[in-house]
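Data first, discussion second: the structure below is written as structure tokens.
Here is how names work: the chains are called A, B, and so on, in the same order as the sequence lines, proteins then strands, and each is numbered from 1. Remember, it's a predicted structure, so these values are computed and weren't measured experimentally.
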Amino acid sequence: SAVISQKPSRDICQRGTSLTIQCQVDSQVTMMFWYRQQPGQSLTLIATANQGSEATYESGFVIDKFPISRPNLTFSTLTVSNLSPEDSSIYLCSVVFGGGQETQYFGPGTRLLVL
Amino acid sequence: QKEVEQDPGPLSVPEGAIVSLNCTYSNSAFQYFMWYRQYSRKGPELLMYTYSSGNKEDGRFTAQVDKSSKYISLFIRDSQPSDSATYLCAMGSGNTGKLIFGQGTTLQVKP
């Protein structure tokens with residue numbers, strides 16, 4: 001089965017700074033997504049990472065705060081900008097390999113703590 | 001009202017018990033339904049998926065969907081301590097890949 005990796009696995013950041021999270025898959029995927037899982041909460045979709053074009057953001061999430069890149073079929077980055085303590089969450093990438101959207105697989109997550 | 005409701009638990013059962021995990025939803029447009037298992041400090045792991053009413057079985061796990069009642073269930077037979085995790089239901093429709101998740105139910109299986 002394919003491997004989905006995320007870097008960093010965790011980080012502690014100061015407010016006002018930014019963190020860029022990488023998602024790497026060892027085989028080509030058709031779709032890539034970024035989710036947020038706040039403490040004690042479920043997963044919320046931030047955006048769909050589109051290859052070679054701007055990401056599609058969900059309501060409540062904006063490009064200035066969460067810029068996303070997807071330069072190819074196996075890699076994407078999510079930046080969380082101008083960090084505040086409210087951004088402390090787990091950030092997860094997920095992918096679809098070419099089957100239906102019901103077979104969506106998640107990376108291990110990046111745990112972010114903002115002080 | 002949330003689109004997907006799931007009792008957060010925690011649910012504690014003895015080893016060997018049959019576990020029933022449930023979600024209700026309000027959006028009749030949902031077409032496919034999934035169950036994920038998430039161990040502490042790990043990403044969600046896809047357990048099962050289905051896109052029709054009825055039952056789907058995989059080993060000790062059975063996923064059940066009742067679209068008329070907008071209700072899905074995951075049954076775990078002969079539960080093991082290694083099944084202790086948070087179980088998330090998720091639903092989607094169309095071809096956007098967007099999933100709506102339940103809050104997750106924390107399950108503890110005691111030896």
Practice problem: Please flag which part of A:Leu43 lies under 4.5 Å from any non-hydrogen atom of chain B: side chain, backbone, both or neither. | Solution: both

Practice problem: Show the numbers, then the answer: is there a side-chain contact (heavy atoms from CB on, under 4.5 Å) between A:Phe33 and B:Leu99? | Solution: CA-CA 10 Å; A:Phe33 307 91; B:Leu99 299 180; over 6 Å; no

Quiz item: Is it the case that one hydrophobic cluster holds both A:Phe75 and A:Leu73, taking links as side-chain heavy atoms less than 4.5 Å apart, direct or via other members?
Solution: no

Quiz prompt | Hydrophobic cluster identity match, B:Ile18 and B:Trp35, side-chain contacts under 4.5 Å | solution = no

Quiz prompt | Point-to-point distance, once rounded to the nearest 0.5 Å, from OH of A:Tyr35 to CZ of B:Phe101 | solution = 5.0 Å

Quiz item: What closest approach, in Å, do A:Ser42 and B:Leu88 show between heavy atoms, and which atom pair accounts for it?
Solution: OG-CD2, 3.8 Å

Quiz item: Are A:Val114 and A:Ile46 connected in a single hydrophobic cluster, I mean Ile/Leu/Val/Met/Phe/Trp/Tyr linked by side-chain heavy atoms less than 4.5 Å apart?
Solution: yes

Practice problem: For A:Gln104 and B:Tyr32, run side-chain contact (heavy atoms from CB on, under 4.5 Å): C-alpha distance rounded to whole Å, both residues' side-chain angles, the deciding distance at 0.1 Å, then the answer. | Solution: CA-CA 11 Å; A:Gln104 192 168 135; B:Tyr32 42 90; over 6 Å; no

Quiz item: Same cluster for A:Phe66 and A:Ile90 if Ile/Leu/Val/Met/Phe/Trp/Tyr side chains link at under 4.5 Å?
Solution: no

Quiz item: Which heavy-atom pair separates A:Met31 from B:Asn95 by the least distance, and what is that distance?
Solution: CE-O, 3.7 Å

Quiz item: In the single-linkage hydrophobic clustering (I, L, V, M, F, W, Y; side-chain heavy atoms under 4.5 Å), do A:Ile68 and A:Leu92 co-cluster?
Solution: no

Quiz prompt | Atom of A:Arg111, atom of B:Lys42 and distance for their closest heavy-atom approach | solution = NH2-N, 3.2 Å

Quiz prompt | A:Gln37 versus chain B, the contacting section by heavy-atom distance below 4.5 Å | solution = side chain

Quiz prompt | More than 12 heavy atoms from other groups under 6.0 Å of CZ on B:Arg41 | solution = no

Exercise. For each of B:Ala90, B:Pro8, B:Gly43, tally heavy-atom pairs with chain A at distances under 4.5 Å, and name the one with the top tally.
Key: B:Gly43

Quiz item: Using non-hydrogen atoms only, which part of B:Gln38 is less than 4.5 Å away from chain A: side chain, backbone, both, or neither?
Solution: side chain

